[in-house]
Amino acid sequence: MYNGLHLSFWEPPAITTYRTRLTPEQIDHIDKTHIWHPYSSFSQSTPVFAVESASGVYIKLYNGQTLLDGMSSWWSTIHGYNPTYITQAVCEQAQNLSHIMFGGLTHEPAAYLTQQLVKLTPSGLEKVFYSDSGSVAVDVAMKMAIQYWQAKGQPAKSRIMALAKGYHGDSIGAMSVCDPVTGMHHLFKDTIKQQLFCAQPQSPFNGPFNPADLTDLKAKLEHHHHELAALIIEPVVQGAGGMHFYHPQFIAQAKTLCEDYNVLLIADEIATGFGRTGKLFACEHAAITPDIMCLGKTLTGGTMTLAATLCTNAIADTICQASPGVFMHGPTYMGNPLACTAASANIDLLLSSPWEDNITRIEHALTSGLAACKQLNSVNNVRVLGAIGVVELHDPVDMPTLQPLFVEEGIWIRPFGKLVYMMPAYTITNTQLATLTQGVYNVLTRYAARLGHQATPNQTPINQAPFDAHE
Ligand SMILES: *Cc1c(COP(=O)(O)O)cnc(C)c1O
């Protein structure tokens with residue numbers, strides 16, 4: 001009401017509860033009708049389970065079931081779900097500043113996180129670019145490498161080389177450096193840049209290093225260095241391309257070769273960063289500093305989306321000293337204060353925990369717990385590295401059959417292609433790990449029996465299977 005000099009402002013109604021929540025039936029209906037899921041179809045529905053809440057290593061479904069989580073929501077929830085320390089830090093920050101544009105403005109949460117990242121990552125990575133997701137962090141890394149060579153007066157160096165069977169994200173740029181066969185290049189071939197690919201290293205992480213692993217890399221560098229801006233690799237663990245573990249010596253040698261041929265090295269640590277492989281960053285296994293490093297996934301402990309691309313002073317200085325004099329990227333939500341706060345709290349929590357002991361403990365538990373799976377006829381290979389356990393089957397899984405079996409068993413595992421794999425929270429207990437690995441064994445046994453009883457197993461080839469590439 002306007003009453004003379006006294007302006008009365010509209011005030012929102014007092015909120016006691018945020019709003020009335022949808023029923024499980026409503027959620028299910030809306031989801032099936034309107035919502036895309038990762039690599040999903042509206043016509044071939046695979047089951048989607050509605051989550052009511054999650055805490056620690058347990059996911060609670062609306063149907064009352066509780067699932068023991070083996071996935072850490074794709075590498076992210078390393079302290080389990082809803083870690084109080086991070087949640088409280090974020091709530092506190094939300095009272096003060098949830099978001100502000102990063103163009104021309106800065107803030108304490110970004111400064112604090114940057115200080116942490118510069119200190120923790122391999123020495124020499126001094127400049128940090130924040131973005132919203134892993135794929136964008138990879139695009140940013142590629143743009144940095146390309147702008148670097150333009151600034152050096154070598155614009156022909158604009159292609160990126162990647163390893164076969166790699167995965168770097170789903171955006172148009174990141175997709176171009178994913179494996180050309182499984183990475184959906186055939187669908188978008190007129191839109192994505194034709195990059196260069198070299199052979200996947202075969203020497204196992206713990207075995208002897210075979211120098212033949214470097215032959216193809218060396219030959220491609222020799223022939224193409226004049227047009228190559230960078231080599232991008234997932235150090236030690238290739239994730240979504242097949243959960244492949246390889247020898248750190250390959251990374252050390254690749255770094256030297258890249259230097260010899262004037263090609264930058266981009267380490268995509270989006271999956272491997274923050275302890276998962278037993279080192280804080282997988283590059284440490286090879287004791288190298290890449291020229292550019294991408295971080296994402298568990299950067300915020302699975303509470304919010306945030307990614308970072310770090311580079312050396314040499315790269316930043318070169319870009320900034322030549323036309324156009326700036327690095328050409330700037331997301332709207334760049335350096336979001338809530339996400340930076342979540343990331344800092346996540347890192348504090350990780351560093352104050354006995355994380356190295358936890359990774360070793362989980363590695364042992366997964367190794368012994370999954371050993372029984374080797375006896376199954378359907379299983380081709382079982383491998384463990386750090387807090388990552390992989391059971392590779394002979395055939396791609398039939399998701400509509402297999403996924404509900406895991407849920408019936410009370411565990412959350414999301415296979416893709418031929419791979420049944422897990423990367424639990426670092427906080428998971430030994431008892432919970434035993435339940436998880438026994439559950440995997442039980443489910444694979446029942447799955448084999450179920451398939452054995454089908455006249456024609458309903459198996460789709462990997463390229464057409466509704467698989468999730470985010471792993
Ligand atoms: C998941 C992942 C990405 C992409 O991250 P998004 O946040 O899904 O865009 C890139 N690289 C690697 C190695 C990944 O595991």
Side-chain angles (χ1 to χ4, degrees), residues 28 32 37-41 43-51 57-72 74 182 240 242-244 362 364-384 388-424 428 430-471:
D28 191 56
K32 281 202 171 65
H37 283 266
Y39 306 92
S40 71
S41 162
S43 51
Q44 294 165 13
S45 71
T46 46
V48 167
F49 303 88
V51 175
V57 291
Y58 291 102
I59 301 170
K60 192 173 165 213
L61 302 183
Y62 273 98
N63 68 13
Q65 243 193 308
T66 299
L67 307 179
L68 173 58
D69 177 47
M71 301 302 293
S72 298
W74 285 331
T182 59
M243 301 299 286
H244 177 66
I362 295 168
H364 290 153
L366 289 175
T367 306
S368 58
L370 292 175
C373 292
K374 289 181 192 162
Q375 314 305 323
L376 298 171
N377 286 334
S378 56
V379 172
N380 183 26
N381 179 264
V382 175
R383 52 188 182 268
V384 174
I388 311 165
V390 183
V391 179
E392 182 167 338
L393 308 182
H394 289 291
D395 300 306
V397 303
D398 174 40
M399 282 288 258
T401 308
L402 185 54
Q403 184 74 87
L405 292 179
F406 281 116
V407 173
E408 279 169 35
E409 184 70 26
I411 60 177
W412 180 246
I413 298 280
R414 177 81 178 163
F416 79 95
K418 299 174 179 176
L419 303 171
V420 173
Y421 68 103
M422 58 226 76
M423 57 288 215
I428 194 169
N430 288 341
T431 314
Q432 289 162 340
L433 277 166
T435 307
L436 191 66
T437 51
Q438 182 64 47
V440 168
Y441 177 85
N442 295 347
V443 166
L444 289 179
T445 310
R446 284 168 61 209
Y447 174 66
R450 180 106 25 133
L451 286 187
H453 291 143
Q454 284 178 8
T456 44
N458 175 23
Q459 291 174 357
T460 25
I462 185 164
N463 287 343
Q464 290 153 36
F467 78 99
D468 301 313
H470 278 256
E471 294 85 344

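Just so we're clear, the structure is a prediction, and the values are computed from it rather than from any experiment.
Of all heavy-atom pairs spanning Val440 and Ile411, the tightest one is N-CD1, 3.7 Å. Summarising the geometry of Gly389 relative to Leu366, their closest heavy-atom pair is N-CD1, 3.7 Å, with the distance given to 0.1 Å. Of all heavy-atom pairs spanning Pro424 and Ser72, the tightest one is C-OG, 3.0 Å. Thr401 and Leu405 make their closest contact through O-CG, 3.4 Å (heavy atoms, listed as atom of the first residue, atom of the second, distance). Here the shortest heavy-atom pairing between Pro415 and Phe406 reads CG-CE1, 3.9 Å.
The side chain to side chain donor-acceptor pair (under 3.5 Å) search around Thr431 returns none, not counting sequence neighbours. With sequence neighbours left out, the side-chain contact (heavy atoms from CB on, under 4.5 Å) criterion links Gln65 to Leu61, Asn63, Leu67, Val407. Judged as a side-chain contact (heavy atoms from CB on, under 4.5 Å), and not counting sequence neighbours, the contacts of Ala50 are Ile27, Tyr62. Evaluation of the side-chain contact (heavy atoms from CB on, under 4.5 Å) rule for Tyr58 yields Thr66, Leu68, Gln432 as partners, not counting sequence neighbours. Applying the salt bridge (Lys or Arg N to Asp or Glu O under 4.0 Å) criterion to Lys60, with sequence neighbours excluded, gives Glu52. Every side-chain contact (heavy atoms from CB on, under 4.5 Å) that His394 has, sequence neighbours left out, goes to Asn380.
A distance of 9.5 Å separates CD in Glu409 from OG1 in Thr435, rounded to the nearest 0.5 Å. Going from atom CD of Gln438 over to atom SG of Cys373 covers 8.5 Å, rounded to the nearest 0.5 Å. Rounding to the nearest 0.5 angstrom, the gap separating the CG atom in Asn377 from the CG atom in Leu393 is 12.0 Å. Rounding to the nearest 0.5 angstrom, the gap separating the CG atom in Leu436 from the CG atom in Leu370 is 8.0 Å. Atom CE in Met399 sits 6.5 Å away from atom OG1 in Thr46 (nearest 0.5 Å). Atom-to-atom distance recorded for Met422:CE and Met71:CE is 8.5 Å, nearest 0.5 angstrom.
Residues Thr367 and His364 are not in side-chain contact: their nearest non-hydrogen atoms beyond the backbone lie 4.5 Å or more apart. Looking only at side-chain heavy atoms (C-beta outward), Phe49 and Trp412 come within less than 4.5 Å of each other. Inter-residue side-chain proximity for Pro38 and Trp74 is flagged as met; some heavy-atom pair is nearer than 4.5 Å. In this structure the side chain of Leu402 never reaches within 4.5 angstrom of the side chain of Ile413, judged on heavy atoms. Contact annotation: the side chain of Tyr447 approaches that of Leu451 to within less than 4.5 Å [non-hydrogen atoms, C-beta and beyond].
Screening residues 364-380 for salt bridge (Lys or Arg N to Asp or Glu O under 4.0 Å) gives no qualifying pairs among residues at least two apart or on separate chains.
With hydrogens and angles disregarded, no donor-acceptor distance shorter than 3.5 Å links the side chain of Gln403 to the backbone of Asp398. At least one donor-acceptor pair under 3.5 Å links the side chain of Arg383 to the backbone N or O of Met243.
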